[in-house]
Amino acid sequence: AFMSTIPQMPKKLPHIIEDFLSEIPENMYPSVAMTIFPGLMAHFTDTVFHYSDNRTWHPNCMVVCIVEQSSGKGSVKLLVDYIMADIKASDAPNRQKENEWKEKNQQRGANAEKPARPKDIPIQWIDSNCTEARFCEFLNMAQGRRLYTSVDEVDLLKNISSNKLDRLHELIRVAYDSTEWGSERKG
């Protein structure tokens, strides 16, 4: 059955959640409280949870925030930007290194030997307009770090999958389940 009312916020919250909510409009408390977790979890590095069935899982989190237009959802974005500021700052020099590598390769002739792609440049904040091949590169460069992306509208996620929603569904499912993903090509 469909719920006609929003679940109420607990009266007692962890201190960190209370701190995040302290400057947010009250009508946005539920949205903000759930939306901050993916950003916080992006800070986990090489973290796994051991389950009772002897499996290990990486902490994964996805949130879909559905609120009315003009309801103050910009406060969610501001808070996420604050939480992710250090990751964006560490991504900047890595993106610069990668761009320098790309420029060097473009300047070389077609038959010239090109240097290998740098492997020490993890980038965590992924633009929503990212191809599947590029997403795989980000995964390979992650060095145990969590990847993060954020879109204002769910429809924009289809940009990460050659605009094929069935591939997007697969991508999200395997990313959340920490299973292997990709495709092999005949060489």
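Computed from heavy atoms alone, side chains included, the values below leave out hydrogens, waters and symmetry copies.
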Output every pair passing salt bridge (Lys or Arg N to Asp or Glu O under 4.0 Å) with a member in residues 29-39, not counting sequence neighbours, ordered by first then second residue. none

Any H43 side-chain heavy atom under 4.5 Å of R146 side chain: no

Can you tell me how far the CE atom of M9 sits from the NZ atom of K12, to the nearest 0.5 Å? 13.0 Å

To check you understand the geometry: which heavy-atom pair defines the closest contact between R95 and F138, and what is its length? NH1-CZ, 4.3 Å

Is there side-chain contact between F37 and I17, with at least one heavy-atom pair below 4.5 Å? yes

Measure from the side-chain N and O atoms of N94 to the backbone N and O of I123, and report whether any donor-acceptor pair falls under 3.5 Å. no

For F20 and I24: C-alpha separation, side-chain torsions, deciding distance, then whether side chain to side chain contact (heavy atoms under 4.5 Å, CB included) applies. CA-CA 8 Å; F20 282 128; I24 302 297; over 6 Å; no

Got a second to check how far E113's CD is from N105's CG, nearest 0.5 Å? 11.0 Å

I'd like to know whether CG of N54 has more than 12 heavy-atom contacts from other residues, nucleotides or ligands below 6.0 angstrom. no

Find out if a path of hydrophobic residues (ILVMFWY) with successive side-chain heavy-atom gaps under 4.5 Å connects V32 to I16. yes

Audit row: K97, E100, salt bridge (charged side-chain N to carboxylate O under 4.0 Å, His left out) steps and yes/no: CA-CA 5 Å; K97 284 181 195 175; E100 290 168 3; over 6 Å; no

Kindly state each residue pair satisfying ring pair (Phe, Tyr, Trp, His ring centres under 6.0 Å) with at least one member in residues 87-107, sequence neighbours excluded. none

Please list all pairs meeting salt bridge (Lys or Arg N to Asp or Glu O under 4.0 Å) that have one or both residues in residues 81-90, counting only residues at least two apart or in different chains. K77-D81

Aromatic rings W125 and Y148: how do their planes relate, parallel, tilted or perpendicular, breaks at 30° and 60°? tilted

Using 0.5 Å steps for rounding, measure from the CD1 atom of I83 to the CG atom of L78. 11.0 Å

Taking every heavy atom of P122 against every heavy atom of A142, the minimum-distance pair comes out as CB-O, 3.9 Å

Of the non-hydrogen atoms in S22 and D19, which two are nearest, and what is the gap between them? OG-O, 2.8 Å

Is there side-chain contact between M41 and T47, with at least one heavy-atom pair below 4.5 Å? no

Taking NZ in K102 as the centre, count heavy atoms belonging to other residues, nucleotides or ligands within less than 6.0 Å. Is the count above 12? yes

Using 0.5 Å steps for rounding, measure from the OH atom of Y29 to the CD atom of E18. 9.5 Å

Any donor-acceptor pair under 3.5 Å linking the side chain of Q124 with the backbone of L147? no

Decide side chain to side chain contact (heavy atoms under 4.5 Å, CB included) for I36 and L79; before the verdict, give the C-alpha distance in whole Å, the side-chain angles of both, and the deciding distance to 0.1 Å. CA-CA 7 Å; I36 60 175; L79 189 53; 3.5 Å; yes

Determine whether E98 and R117 make a side-chain contact, defined as any pair of heavy atoms from C-beta on separated by less than 4.5 Å. yes

dist R145:CZ -> T45:OG1 (nearest 0.5 Å) comes out at 5.5 Å

Are L139 and M141 co-members of a hydrophobic cluster defined by side-chain heavy atoms under 4.5 Å apart? yes

How long is the gap from CG on L40 to OG1 on T35, to the nearest 0.5 Å? 11.0 Å

